Amino acid sequence: MKLIIAIIKPSRLEPVREALAAHDVTGMTVTEVKGYGRQKGHSEIYRGAEYTVHFIPKLKLEIAVPADRAAEVTQLIAETARTGRVGDGKIFTLDLNDVIRVRTGETGADAL
Amino acid sequence: MKLIIAIIKPSRLEPVREALAAHDVTGMTVTEVKGYGRQKGHSEIYRGAEYTVHFIPKLKLEIAVPADRAAEVTQLIAETARTGRVGDGKIFTLDLNDVIRVRTGETGADAL
Amino acid sequence: MKLIIAIIKPSRLEPVREALAAHDVTGMTVTEVKGYGRQKGHSEIYRGAEYTVHFIPKLKLEIAVPADRAAEVTQLIAETARTGRVGDGKIFTLDLNDVIRVRTGETGADAL
Amino acid sequence: MNAKALALKTLPALAIIAFTGSGFAQEAVEPATAVAEAASSGAPAEQTVFILNTLLFLISGFLVMWMAAGFAMLEAGLVRRKNVAMQLLKNISLFAIAGLAYYLIGYKLMYPGDSWMIGYEAQGEDGPYIVGYLGAIGTAVLEAVGVAPEAADDLSYATTGSDFFFQLMFCATTASIVSGTLAERIKLWPFLIFIVVLTGLIYPVQAAWKWGGGFLDTQLGFLDFAGSTVVHSVGGWAALVGAIILGARTGRYNKDGTSTAMPGSSMPLATLGTFILWLGWFGFNGGSQLALGSVGDAADVSRIFANTNMGAAGGAVAALLLTQLIYKKVDLTMVLNGALAGLVSITAEPLTPGLGMAALIGGVGGVIVVFAVPMLDRLKIDDVVGAIPVHLFAGIWGTLAVVITNPDASLFGQVASIVIVGVFVTVTSGIVWLALKATMGIRVSEEEERLGLDKTEVGLEAYPEF
Amino acid sequence: MNAKALALKTLPALAIIAFTGSGFAQEAVEPATAVAEAASSGAPAEQTVFILNTLLFLISGFLVMWMAAGFAMLEAGLVRRKNVAMQLLKNISLFAIAGLAYYLIGYKLMYPGDSWMIGYEAQGEDGPYIVGYLGAIGTAVLEAVGVAPEAADDLSYATTGSDFFFQLMFCATTASIVSGTLAERIKLWPFLIFIVVLTGLIYPVQAAWKWGGGFLDTQLGFLDFAGSTVVHSVGGWAALVGAIILGARTGRYNKDGTSTAMPGSSMPLATLGTFILWLGWFGFNGGSQLALGSVGDAADVSRIFANTNMGAAGGAVAALLLTQLIYKKVDLTMVLNGALAGLVSITAEPLTPGLGMAALIGGVGGVIVVFAVPMLDRLKIDDVVGAIPVHLFAGIWGTLAVVITNPDASLFGQVASIVIVGVFVTVTSGIVWLALKATMGIRVSEEEERLGLDKTEVGLEAYPEF
Amino acid sequence: MNAKALALKTLPALAIIAFTGSGFAQEAVEPATAVAEAASSGAPAEQTVFILNTLLFLISGFLVMWMAAGFAMLEAGLVRRKNVAMQLLKNISLFAIAGLAYYLIGYKLMYPGDSWMIGYEAQGEDGPYIVGYLGAIGTAVLEAVGVAPEAADDLSYATTGSDFFFQLMFCATTASIVSGTLAERIKLWPFLIFIVVLTGLIYPVQAAWKWGGGFLDTQLGFLDFAGSTVVHSVGGWAALVGAIILGARTGRYNKDGTSTAMPGSSMPLATLGTFILWLGWFGFNGGSQLALGSVGDAADVSRIFANTNMGAAGGAVAALLLTQLIYKKVDLTMVLNGALAGLVSITAEPLTPGLGMAALIGGVGGVIVVFAVPMLDRLKIDDVVGAIPVHLFAGIWGTLAVVITNPDASLFGQVASIVIVGVFVTVTSGIVWLALKATMGIRVSEEEERLGLDKTEVGLEAYPEF
Ligand SMILES: Nc1ncnc2c1ncn2[C@@H]1O[C@H](COP(=O)(O)OP(=O)(O)O)[C@@H](O)[C@H]1O
Ligand SMILES: Nc1ncnc2c1ncn2[C@@H]1O[C@H](COP(=O)(O)OP(=O)(O)O)[C@@H](O)[C@H]1O
Ligand SMILES: Nc1ncnc2c1ncn2[C@@H]1O[C@H](COP(=O)(O)OP(=O)(O)O)[C@@H](O)[C@H]1O
């Protein structure tokens, strides 16, 4: 199994959620985060003083999928989250050893 | 070492924390998240309009443990977090390459 | 590639960010978390009743780096985040299978 | 409130009507005799009456001013977090702008005295009177410093300064109503330009028709004590037209006919705002008695305070019970809206009803809100805070309800006036909205809307911290 | 406040006592002579007095109304985030319901005039008077629109409308006190039903005993100027009984005897609420002078304003110093509670103390809070916002403290009245709570409590956003 | 406000000047004749005047009290989340402490009547008068309960209780100004000790020079109607000196000359605070007329209300336009500061300007803020909430602007008084700050500052929840 970690723009959450639902990805965990990449933060003016906002609000999606669906799901997220502007985000894929569904105790891919 | 990521109901945090403490698990990191699994969200009424709350508030626990304790700890969390109703959550296990304790610089299992 | 997960004191974010920038680490994701380790929480008094604050606010930094830079970056964070007091935090390192940059679709180390 | 301007230019005997606020015959008589009785029966001295009237305006005026804060909090609580700072900015700015526009032109347009730009003299039973259509041009001028009694503008009324202060707050209230409906998608500057026109021209012109002694007052016998129509439905019409021209928030109404709820960011702020409005409304309605210098006026202001509270209570309880019955869970925002609708409903006539009737009139307002909010959603009219049901629909209801308890009101006069004011405001504000849309555009881009106006227009988050 | 009902039914000479608020002999004399002096010495005209008294009620009434917002904010700030929307809903609903219940039955029960359902005529030195136990049944009726001086209900007092408005707000305050203690675990509807009984029956019946001219007033010489007992401890008793029957929040008290703190969600809201209450209290105490139409009354109301502020300041500073001394860190919520306890303490007698004594009386209130809050925890009585220490304990202290500065007060009369009111409220509200518990249940399930009442009972989060 | 103390000790004819608030000749004449006219022309009875004056103080006093809540909310909104609870604690504590200190010593120091500790009698055209430098020692004492007209302290003025209440609120306002500037880094206890000295000594001594009838009033003809200098710039000077001695927040100014913005935690709270202050200011300026018992006074208070609103509106709109022009985005916090600067600017003379001029005077205040805030940053003076631009700079501007509209003001008198007060406050508060720094230290450690004062000093988070 794989754990897909996608950092996306907050405004792309709805489209991504819908796309995943349409493709039978049945679970997701979302966290409010802030971050920067090449998109280096930007400067704002507050009370006449310019300052740099280093961290831009993003959402982090964590999605556990069977290993054989990882590439497809990653691709789907990338396409749906893309706006073509800096700050579109990144998607990381990690190995997932094991999963348990708490309610039933099922493990492995069945638990997804 | 293993990194255990458990998504649980917010109201189960206290019992899980106590259970872990009782079993000598000495560290944990908690994040407020929202998510869905088979528990598909639910509908609410706001100002007369029905709408779906897709994301349900959950807590994400991250717990680094020596590899040989992973199964035991996962089991412990699963049992303590279980209420038997949908939305009870999931527990993921990942490989952990390395750990450093910042204060002392210790690494590996010693740092846990 | 590696995914570095560092749990640090909130007040150390700025120094760490600057150190990383100075060393050409170009991306980071930050999450507000709470947690405990050996630093067991502390007791506060609220309305005359002593109680234990089990979870101390921390920040979690997630930083994806090429595998060959992992040790150096981990070290850098550890040094910059260190205050020498309990609660300084921990740094975890995980294997990272893959990365995609959403905007361009680049993958692998190029995407970092 | 009533024809203050009239009082300035007609016979003293007529002027007394201005005191009564409701045009009740018995009141018109009572103060007149009171003056004669002063020595023997212990009535207040003439100047004491003047001072007490002035004091009523000052107290009521600051209470109504406080409503501006209420609107700001209510709206900040009902928009989403990413638009909160913008909504606050709009509210404080519109209140400041209303002050300037009303001073520069609005006040004279609304209270032209006998210098109507358009109007004519007609003959009535009590002598000649003016049928006015368009007030005067000019800035507001107050009485001189330390004015002597003889030099006061109208010793039988109150100071011009207190009147200006009080009336300005009504004008600003009208503007506050608009901002909530159009939240989360309208650009700052076109909105503020609209406010200039609304507070400088649209509101004062139609308010002159009733409270400036214009044709609605003199010809149609229109009764609107504190402004269910003149203030609340005017704000409501302007908001409605704006909402239609502006369109709904992106993502609010789905192709499948369902709508997506966008819950407000802070229930404490919304509730605080409602309590502030509830408090301010005692000044809004109570001050509209326009007089406190006689036993009758004191009793009337007291009735109004008590009735205003009953109206709000009725509206809140109606929404409380109804949402429980219909949805099985009480909807806090509906209860808040219900209380406000109760207040709007009782505003056209807070004096003549008994306490129980006041609660009923307010209760109907609460019922209207519970049904009108989802109805607007079905029509895809996106009213972020519920201002249209609360101020427009309950305002119309309240204006009609005057006939239930006030025999001086005619259904014809009320309906005709509602329609005339409605058409006027709809047309004029429609023109302004369309002109703004055609020139500078009134709506932020979809991307900016997604990001939130705080970031894109104000460059500041309402709660910026990590 | 004092026997208004008495004023309505007894000799004019006696009625004047109603004005004094404190029963001070010199005051009883002064207004009487003032009338005679009017022409020569420049005293206000009779109707001016009436209007000024009315104005005092209207201003004080809206200030006390504002306290409802203060309770809402204080409680919203002191409950946890998951119960905030519910707490707001309870507060606005109880205020609306109090309005209806007090109108429908409470006001007449509290001010029966001479139509007590249960009571008898006794002979006093100044003529016959009534010893009343249970007031009249009926809805409140105000003076007619534009009432003539001769037709006013009591030209030596104030308008009935302003009196109703003012008194209603006291009744609502009593209800507000209860909601905070029982927060985070009580179901909405049983709570609201309790409020109906409290504001319609329990509060008015006992308030009639003192302020309606009932037996506490006429037989025991009980002095409670603005209601340390009649309002605050009544709310406190009802809350205490409710808290015991309802039980503590799940997880609040541990098996090992320790307690788990559950810090409130928002200190700004709690502080705002406290400031609102502090402000409203000037109306609460000041208006209870019941008269503003003479030099003596004006000076008394002024004393009361100043003393009320000193009481609050004393309570806040006492808690500030004490928490620093005991806990080495100042506890903000204790300072807030301390200010409120200071206010409650000075409420039974805000007139006779000097400024320094007022600060001391309030300071003792602050001390009481600092010790009583943890004491209740040891008794496992879970009072979410500290209403029992603030309103009940400081209320008892304030009622006793009357004897320090007011020679007309007897310790026996004060203690007896505290006990009688306490027993009455404890028993009646206990019966209601138990009946509700037996029928519909008063407590949400443990699972619902864990999830928070916002989600399970209101279906809405207070701060819903991601 | 004007020489109340003077009124107590000099001839009645002179005392009337105290009524006028602005020293305008025509006013001084008008009330005097009014008394004679009473019977024929319907002027208020002598005691009615007294009661109305008292009522003005009570209403204005509670409005100014409310400003304490405004400062608390404004500051809580403009500090970062980790310092919010501390800021709230400081605000409520300083308000309580001001009450005690002003009672114990401040009031008598400020209003010594004829018992100046340091001062001498001089001969003026209208007879002898006192040139006072240091007031009396003693606690405030109010009129007795139920005082008879003959026994009132000054039947031509108002009750001492209402005067004390009103004046106390001004003293507390001065203290509130200081807390915002020094936020996020000053220790609690040294700050509170400074407040004791400020409210007990520094403020009253200099206030006596003007409003107590001291040398600024009698010798320099200084005019400061409601305290642009006496209140606002005094708070501003104390804050400025404190900010310099305390130093900037860690990380605020970078080595490369840039500064790091530290956005406030909650725009809704900041906006609410501003609205509260705006409302309270009607009492601040309006009450400073010190009289409401004549037609002229009623008209003047009305003018003041209207002008105060225009000043705020002017300041807000100026900041709105200017930040848009300069920064291309409107800065909400600047608009809030602008409104407040407008209010401060109009405070020295809210009576004589016309409405348009009032808006202009306020507008200049708004402009000052927009330029002064970044200027202070360049000087590395860290003023967390902008109190120095708003209260000190706009206060100086407002004091100078008196000469534009009030012919009784001399530029020399204004400038000299600004300088004298400035030097006095700078020196005295500098001594206190330095003494505190040398003894107990005034600044938290860098680590504590990083963690936030809430955790380290109060042991409580403002929004503690997970
Ligand atoms: N190396 C990294 N490690 C962890 N998170 C990253 C990294 N690079 C980017 N991110 C996350 O992705 C978000 C979007 O990054 P973005 O600026 O679009 O990156 P880029 O332009 O480099 O693709 C950032 O806000 C940050 O949260
Ligand atoms: N595939 C998944 N990937 C990531 N997180 C998941 C996944 N499935 C479930 N979760 C997380 O677990 C929480 C509980 O899921 P739940 O509805 O109980 O799942 P299920 O019923 O499928 O066991 C969700 O709210 C979500 O945060
Ligand atoms: N075993 C662990 N698993 C996950 N997170 C941990 C673990 N131990 C510590 N942490 C995180 O690191 C933070 C700092 O821990 P700290 O008390 O400094 O640990 P220690 O003293 O054991 O090094 C904690 O607040 C927690 O968020």
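If you're wondering where the values come from, they're calculated on a predicted model, not measured in any experiment. A, B, ... follow the sequence lines: proteins, then strands. Residue 1 opens every chain.
With contacts defined as side-chain heavy-atom distances shorter than 4.5 Å, the pair Ile59(E)/Leu58(F) does not qualify. Residues Tyr463(E) and Tyr463(F) have side chains not in contact (no heavy-atom distance under 4.5 Å, counting atoms from C-beta outward).
Of all the listed residues (Ala270(E), Pro268(E), Gly342(E)), the one sharing the greatest number of non-hydrogen pairs under 4.5 Å with chain F is Pro268(E). Counting heavy-atom pairs closer than 4.5 Å to chain F, the top-ranked of the candidates Leu332(E), Leu355(E), Thr271(E), Val330(E) is Leu355(E). When the candidates Ser266(E), Ser265(E), Ala299(E) are compared by the number of heavy-atom contacts under 4.5 Å with chain F, Ser265(E) comes out ahead. Most heavy-atom pairs under 4.5 Å with chain F, from the set Leu336(E), Ile304(E), Asn309(E): that is Asn309(E). Among Leu100(F), Val84(F), Leu52(F), the residue making the largest number of heavy-atom pairs under 4.5 Å with chain E is Leu100(F). Most heavy-atom pairs under 4.5 Å with chain F: of the set Pro263(E), Gly354(E), Ala313(E), Gly314(E), this distinction falls to Ala313(E). The choice from Ile51(F), Thr48(F), Thr54(F) that makes the most heavy-atom pairs within less than 4.5 Å of chain E is Ile51(F). Of the listed residues Ala68(F), Gly61(F), Ala152(F), the one with more heavy-atom pairs under 4.5 angstrom with chain E than any other is Ala68(F).
For the ring pair (Phe, Tyr, Trp, His ring centres under 6.0 Å) test with Trp66(F), the passing option among Trp66(E), Phe282(E), Trp278(E), Phe275(E) is Trp66(E); the others fail.
The two residues Gly161(F) and Ala306(E) have their closest heavy-atom pair at O-CB, 4.4 Å.
Contact annotation for Leu279(E): both backbone and side-chain heavy atoms come within less than 4.5 Å of a heavy atom of chain F. Contact of Leu272(E) with chain F is made through backbone and side chain together, with heavy-atom distances under 4.5 Å. Residue contact with chain F, scored on non-hydrogen atoms closer than 4.5 Å, involves the backbone and the side chain of Phe305(E) alike. Of the atoms belonging to Leu269(E), not a single heavy atom falls under 4.5 Å from chain F. For chain F, the nearby part of Thr274(E) is the side chain; its heavy atoms alone come within less than 4.5 Å.
One distance of note links CG of Asp300(E) with OG1 of Thr159(F); it measures 9.5 Å at 0.5 Å rounding. Separating the CG atom in Leu89(F) from the CE atom in Met267(E) is a distance of 11.5 Å, to the nearest 0.5 Å. Distance CG/Asn307(E) to CZ/Phe165(F): 11.0 Å, rounded to 0.5 Å.
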